[in-house]
Protein chains: 2
Amino acid sequence: MGISSGNTPYAARTDRSAVRGHAITFAGDPFVSERAFVDIPDALIVSERGIITAFGNYEDMKRAVPEGVPVTHYPRSLICAGFIDTHIHYVQTGIIGAYGSQLIDWLETYTFVEEQRFAAKSYADAVAKVFFDQLLANGTTTAVTFCAVYPGSVDAFFEESLRRRTRMIGGKVLMDRNAPDGLLDTAQRAYDDSKALIKKWHGCGRSCYAITPRFAPTSTPEQLELAGTLWREHPGTFVHTHVSENVSEIQWVRSLFPERSGYLDVYDHYGLLGKRCVLAHGVHLSERECARISETGAAVAHCPTSNLFLGSGLFHIHEAKDPRRPMHVGLGTDIGAGTSFSLLATMNEAYKVAELNHYPLNAIKSFYLATLGGAKALGLGSEIGSLSVGKEADFVVLDPAATPLLAYRSARAKSTEELMFVLSIMGDDRAVAATYVAGELAFERKGRENV
Amino acid sequence: MGISSGNTPYAARTDRSAVRGHAITFAGDPFVSERAFVDIPDALIVSERGIITAFGNYEDMKRAVPEGVPVTHYPRSLICAGFIDTHIHYVQTGIIGAYGSQLIDWLETYTFVEEQRFAAKSYADAVAKVFFDQLLANGTTTAVTFCAVYPGSVDAFFEESLRRRTRMIGGKVLMDRNAPDGLLDTAQRAYDDSKALIKKWHGCGRSCYAITPRFAPTSTPEQLELAGTLWREHPGTFVHTHVSENVSEIQWVRSLFPERSGYLDVYDHYGLLGKRCVLAHGVHLSERECARISETGAAVAHCPTSNLFLGSGLFHIHEAKDPRRPMHVGLGTDIGAGTSFSLLATMNEAYKVAELNHYPLNAIKSFYLATLGGAKALGLGSEIGSLSVGKEADFVVLDPAATPLLAYRSARAKSTEELMFVLSIMGDDRAVAATYVAGELAFERKGRENV
């Protein structure tokens, strides 16, 4: 089963569009070579039926604009591929900024209470709408999201995604122990429900399904075993879970799985590591675990606002991208433990976490993590994450003058890279002027703030 | 010499005002007792000639509204004392978000270049205007700011403050070594210029002067000696400098002052510690240094966005407020190494830094640090920092529904404290609906964002 169907229900309603402006994108991984960065001060992006059909310097390409298609010009902007949020919980939209505890307490006090509300489909529908509004207002066009344990919460998510025509990855959370009764499934029911949801949603429009054990402590060995079976039975689907976020959590996993060599090895044992497996956090991975993730092609979602908010620790991006055993890494907001839907705000905190580790994470690298790096982490490097012919036409128009202070600072930027860095440190949702999904305008900010 | 003159040129242009809304303030230090927190769901604040003349429950107090004075009602708001930013560099407004280095490199690459532009009074005037616009748009009514080495940069700052009628603290930076020639003064010229500026500005309107050696490495022993003399000669003035921000910086100080027992002891030796001395950062203070700061009555400005941005380290608020030897602590944005003018954004990062140190910093404490805690740190606890009769009428009206997401989250808050926490984690300048200075509306946000 592929990730997109032949009969594309997500083709742009307006078949063709053309956008002009300063564009940046990537032709490779800037952690390997800075030459991977592509900077086109006056670029043209033409898309047809949701796919980019022409991209390059405007003067060279302008004859590629189909007759009758107007060119939307963003003269003082920075256009890049849509942001990719590689780890988020849509069902935690309502509990952002919940005070006072580290991971395990936070789950029990806030998360497990809120997620029970998603037993009602109507509640899930309402939150899904808020969630997608926030994603698009923040320039995020792909997100890898946890749903709740209830199949209806997955339906609500993908139904909304179909309406928005976005490429989204999600799945029903699997939990058969160590959570309130109302949130528990069983190993078999988790298998059956997930199987039905895969059939219903994976490849429907641009939807991708992720088999989603919350984390090792809330799944029995039987459930993890069946999750691995399910993944083998459905090639092309994803796995989405958490690993090594918090020191106490790691100790808990060790006590629950004493026969395994460590936290990561639990997933490895049950066949849950490999390409299209997204492991959130990985703050405290050992060298051996990093090597194993690299070897299997799994990816880590770095979620700095969350790691700081819950006091989990400082992810080592430099070590994660060690060329001797590089891991795929994307950025994640991890709403609701993360504190912002904005991938720009997430880059801000990724920079700070890296600084505390004495590694200067430049803006070229952080924009890569938020776009093509995320896409490659998901095995979707051929579909999304960069501006090039044949890619899906998801992109974001950033406004470096979105607020008076940003305008004041941006005007002093001497290079595209400096402008990108300023946006990554000072930008938030206000810096997103427009978001295009499958070639079509999906969000447009109405007027700058008038302070 | 007092801090305010008898003939108050800062009296409100509209002599009297009355504001109604949900107010929170402090009657003491919540690090000592949570009962210090005052929460009045429907409060009235009456001010006359810049001073609060009535404050309390609206129904009880409404007869205190002078005849003919309209009551401005903010029904869905949270009103608190104006924010106090205990450490900021107005002359670095233009270099927020400068990429890639830790303290010493950052100073040389960006700061020392930018500050030379303030030799031109016209440049200083223009930046001062931007700076005050940002302060008030962020609800900050008092800031302790570095100016540049040039007296004209101090004039520009206080002239703008007089126009805004704000209580501000600032001073000419003292540097007679280890900086570019264009930024150097001499020990004697620093003394003479500062003396003249004190005479001109300290006590003019609500202006307070701070004797401002940048930090030990850029002042010779002679300059520090004269700075100490100057302070003794002008009781009531402030001292403003940096201490123990970065590990390399501390080593540098040790090599420059081998005869002193440590970084703090340099200032101590030259008579620069005491009440109304503000030491920025203090990330790496020893136990002995904390005790000495506590003993002298000096204060530390905790600047979390800056400490993260420059990778300086994690301030220990819990240890700083240790009841056995509590230090005065305020919050600082430290623009331009800090990444936001917003004290709300600063509270967000203060929470995260505390979480990394396994200490949950609740919103009551963080709002205290940003208001009365800051005021007490400055020895201005009788003038500003809380809502009570006799205090200067500086306050901020926060809007818990400033953005769609904030509105969505705030609506779920079950207590005033939860609402405060949500504002501190998700709020930014948009959450400031209005700022009052000396009883008069000084900033009003024009319309919510219409996403």
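By convention in this document, chain letters (A, B, ...) are assigned in the order of the sequence lines, proteins followed by strands, and residues within each chain are numbered from 1. Source: prediction; values computed, not measured. These values consider heavy atoms only, across backbone and side chains, with no hydrogens, waters or symmetry-generated copies.
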**Fill in**
Checking A:Thr339, A:Asn307, A:Thr305 against B:Lys352 for side chain to side chain donor-acceptor pair (under 3.5 Å), the one that qualifies is A:Thr339
**Message:** According to salt bridge (charged side-chain N to carboxylate O under 4.0 Å, His left out), who are the partners of A:Glu245, at least two apart in sequence or on a separate chain?
**Reply:** none
**Request:** Report the residues that fulfil salt bridge (charged side-chain N to carboxylate O under 4.0 Å, His left out) with A:Arg409, sequence neighbours left out, ordered by chain and then residue number.
**Result:** A:Glu418
**Asked** Is it the side chain or the backbone of B:Tyr351 that comes within 4.5 Å of chain A heavy atoms, both, or neither?
**Response** side chain
**Request:** Examine whether an atom of B:Glu349 lies under 4.5 Å from a heavy atom of chain A, and if so say whether it belongs to the side chain, the backbone or both; otherwise answer neither.
**Result:** side chain
**Prompt:** Under a 4.5 Å heavy-atom cutoff, which of A:Ala413, A:Ala411, A:Ala345, A:Pro360 has the most pairs with chain B?
**Reply:** A:Pro360
**Message:** Nearest 0.5 angstrom please: B:Leu405 CG to A:Asp133 CG, how far?
**Reply:** 10.5 Å
**Message:** Quick check for you: to the nearest 0.5 Å, what is the distance between B:Asn348 atom CG and A:Ser340 atom OG?
**Reply:** 9.0 Å
Against chain B, label [X] side chain, backbone, both or neither, depending on which of its atoms sit under 4.5 Å from a heavy atom there.
X: A:Phe309; value: both
X: A:Val432; value: neither
X: A:Tyr359; value: neither
X: A:Tyr99; value: both

**Message:** For B:Asp125, give me all partners under side chain to side chain contact (heavy atoms under 4.5 Å, CB included), at least two apart in sequence or on another chain.
**Reply:** B:Lys121, B:Ala156, B:Glu159
**Message:** Just to be sure I understand the criterion: a residue of residues 104-113 of chain B counts if one of its heavy atoms is under 4.5 Å from a heavy atom of chain A. Which ones qualify?
**Reply:** none
**Message:** What verdict does the side-chain contact (heavy atoms from CB on, under 4.5 Å) test give for B:Leu356 and A:Leu314, after you've listed the backbone C-alpha separation in whole Å, the side-chain angles of each residue and the deciding distance to 0.1 Å?
**Reply:** CA-CA 9 Å; B:Leu356 286 170; A:Leu314 304 174; 4.0 Å; yes
**Message:** Contact between B:Gln134 and A:Thr403 at the side-chain level, heavy atoms closer than 4.5 Å - yes or no?
**Reply:** no
**Request:** Evaluate side-chain contact (heavy atoms from CB on, under 4.5 Å) for A:Leu308 paired with B:Glu355, printing each intermediate quantity in order.
**Result:** CA-CA 7 Å; A:Leu308 295 176; B:Glu355 277 291 307; over 6 Å; no
**Prompt:** Do you know the tightest heavy-atom contact between A:His358 and B:Gly311?
**Reply:** CE1-O, 4.5 Å
**Asked** What's the verdict on side-chain contact (heavy atoms from CB on, under 4.5 Å) for B:Ile96 and A:Arg412, showing C-alpha distance, side-chain angles and the deciding distance?
**Response** CA-CA 11 Å; B:Ile96 303 173; A:Arg412 294 157 169 256; over 6 Å; no
